[in-house]
Amino acid sequence: MSNLARTRLDTSQLPTTPLFGTDGIRGKAGDILNAPFTLQLGYWAGRILTEAADNKGAIIIGQDSRNSSDMLASAIAAGLTSAGLEVWNLGLCPTPCVASLTSETEAIGGIMISASHNPPEDNGIKFFGRKGTKLVDVLTQKIEAHLRNDDSQIAEGTWGRHYHRPELVEQYVTSLKTSLSPNISFEGMRIVLDLAWGASVKVAPAIFQQLGAEVISLHQLANGDRINVNCGSTHLELLQQGVREYQADLGFAFDGDADRVMAVDSLGRVVDGDYILYL
């Protein structure tokens, strides 16, 4: 038996409530979301996803800028490769990037390390099925059952490989641009972006600039200590101020993993999600 198989969880420390909520597993980093737990989670997720797949494919992993995201991404990748799976690690990217690439490639699943709009000390692990949608309950229940039983028997010689694939994020950027009408141009527009120190700091400005806009970015660096803190889609005041100060045409605010966005018009008035969906 491998050393990994002898690394056992103290299942008595797991909560009695279900591990998987509406958006995967979330909590304070270092509590339940520690390296030993996440390694075993990766192993059993790999086993269950492989059993459910009709082809042999990779698992795509992305993460936000939280200080604990590197640790969790490394631990879950170790678990996945111990289950014999190939891992494609995108690094820093929005949650929709993981979902989109999972659906567009031969991957059999995707994982995003993020707690979305939660504060910096939190983190989370969200799973996607091979079509890029939320992993179905029957599979998350199987993963949880194995974790609680802690009955892992990891065979020697079944190791997978771990590849860093940041270039795939560019494929996602291209797909967003090509989804628009070829006649659309943002030439002459000034747009303010609040990037919340999070996952969209590279992707969002690049897209708007490539479409021709002048971009002014707020909270534009990946900063795990400050992600979502008084900024982003849950705190629009600084975006509204920026749009008025820079006399911009409009502004967008993302949350930490860029799976939600709020907009303001040239006067700083909020355009909420329902109105954006209508447009």
Side-chain angles (χ1 to χ4, degrees), residues 1-9 11 14 18-21 23-26 32-63 69 71-91 93 95-114 124-166 168 171-172:
M1 188 180 297
S2 70
N3 290 333
L4 191 55
R6 290 195 295 269
T7 302
R8 308 192 68 81
L9 289 175
T11 55
L14 297 180
L19 296 176
F20 287 86
D23 274 313
I25 301 174
R26 283 191 188 173
I32 182 175
L33 290 176
N34 54 43
F37 169 81
T38 306
L39 186 149
Q40 293 288 348
L41 173 64
Y43 173 73
W44 282 114
R47 287 279 301 272
I48 298 303
L49 287 169
T50 299
E51 291 171 5
D54 53 12
N55 65 292
K56 183 176 176 61
I59 300 287
I60 294 176
I61 297 178
Q63 66 181 74
S69 290
M71 176 270 291
L72 294 174
S74 297
I76 205 161
L80 291 164
T81 53
S82 73
L85 280 153
E86 184 172 301
V87 172
W88 295 350
N89 192 328
L90 306 178
C93 68
T95 289
C97 178
V98 176
S100 176
L101 289 170
T102 301
S103 69
E104 294 172 359
T105 64
E106 65 270 28
I108 63 171
I111 299 171
M112 182 66 185
I113 309 297
S114 176
I125 301 172
K126 183 172 183 176
F127 289 87
F128 297 96
R130 62 182 179 274
K131 294 183 179 180
T133 55
K134 178 184 173 184
L135 194 63
V136 295
D137 290 344
V138 65
L139 296 184
T140 60
Q141 289 164 5
K142 286 183 178 180
I143 295 169
E144 180 165 344
H146 283 296
L147 283 169
R148 291 190 181 278
N149 291 331
D150 193 26
D151 53 359
S152 56
Q153 296 289 324
I154 301 175
E156 296 282 6
T158 60
W159 319 125
R161 301 294 299 274
H162 183 187
Y163 299 97
H164 292 279
R165 300 290 307 273
L168 291 176
Q171 182 176 320
Y172 169 67

Spacing of CG belonging to Asp23 relative to OG1 belonging to Thr95, to within rounding of 0.5 Å
8.5 Å
In sequence, state the C-alpha distance, the side-chain angles, and the governing distance for Arg130 and Asp54, and then conclude on side chain to side chain contact (heavy atoms under 4.5 Å, CB included).
CA-CA 10 Å; Arg130 62 182 179 274; Asp54 53 12; 4.1 Å; yes
What is the minimum heavy-atom distance between Ala75 and Ala35, and which atoms define it?
CB-O, 3.8 Å
Could you report the tightest heavy-atom contact between Leu39 and Ala78, atom names first, then the distance?
CD1-CB, 4.1 Å
Residues two or more places apart in sequence or in another chain: which of them pass side-chain contact (heavy atoms from CB on, under 4.5 Å) with Ala99?
Phe128
Show me, pair by pair, the donor-acceptor contacts under 3.5 angstrom made by side chains of residues 103-111, not counting sequence neighbours?
unit_1, atom_1, unit_2, atom_2, d
Ser103, OG, Ser100, O, 2.7
Glu104, OE2, Ser100, OG, 3.1
Thr105, OG1, Leu101, O, 2.8
Thr105, OG1, Ala107, N, 3.3

Could you pull out the closest heavy-atom pair between Ile125 and Thr38, with the gap in Å?
CD1-CG2, 3.8 Å
Side chain to side chain contact (heavy atoms under 4.5 Å, CB included), that's the test. Do Ile59 and Ile76 meet it? Break it down for me.
CA-CA 11 Å; Ile59 300 287; Ile76 205 161; over 6 Å; no
Say you draw a straight line from CG of Leu72 to CE of Met112; how long is it, rounded to the nearest 0.5 Å?
12.0 Å
side-chain contact (heavy atoms from CB on, under 4.5 Å) partners of Ile48, counting only residues at least two apart
Glu51, Leu139, Lys142, Ile143, His146
Partners of Tyr172 by ring pair (Phe, Tyr, Trp, His ring centres under 6.0 Å), sequence neighbours excluded?
none
Taking side-chain contact (heavy atoms from CB on, under 4.5 Å) as the definition, give me every residue that meets it alongside Ser74, ordered by chain and number, with sequence neighbours left out.
none
So Leu19 and Arg148, do their side chains get closer than 4.5 Å, heavy atoms only?
yes
Considering all heavy atoms of both residues, which atom of Leu85 and which atom of Gly46 are nearest to each other, and what is their separation?
CD1-CA, 3.1 Å
Supply the atom-to-atom distance Arg47 CZ to Ser82 OG, rounded to the nearest 0.5 angstrom.
9.5 Å
Applying side-chain contact (heavy atoms from CB on, under 4.5 Å), name anything that partners Asp137, two or more places apart in sequence or on another chain.
Thr140, Gln141
Provide the closest heavy-atom pair for Leu90 versus Arg165 in the form atom of the first, atom of the second, distance.
CD2-O, 3.5 Å
Verdict with reasoning, Gln171 to Leu168, per side chain to side chain contact (heavy atoms under 4.5 Å, CB included)
CA-CA 5 Å; Gln171 182 176 320; Leu168 291 176; 3.6 Å; yes
Rounded distance (nearest 0.5 Å) linking atom OG1 of Thr81 with atom CH2 of Trp159
8.5 Å
If every non-hydrogen atom of Gly62 is compared with every non-hydrogen atom of Cys93, which pair is closest and at what distance?
CA-SG, 3.8 Å
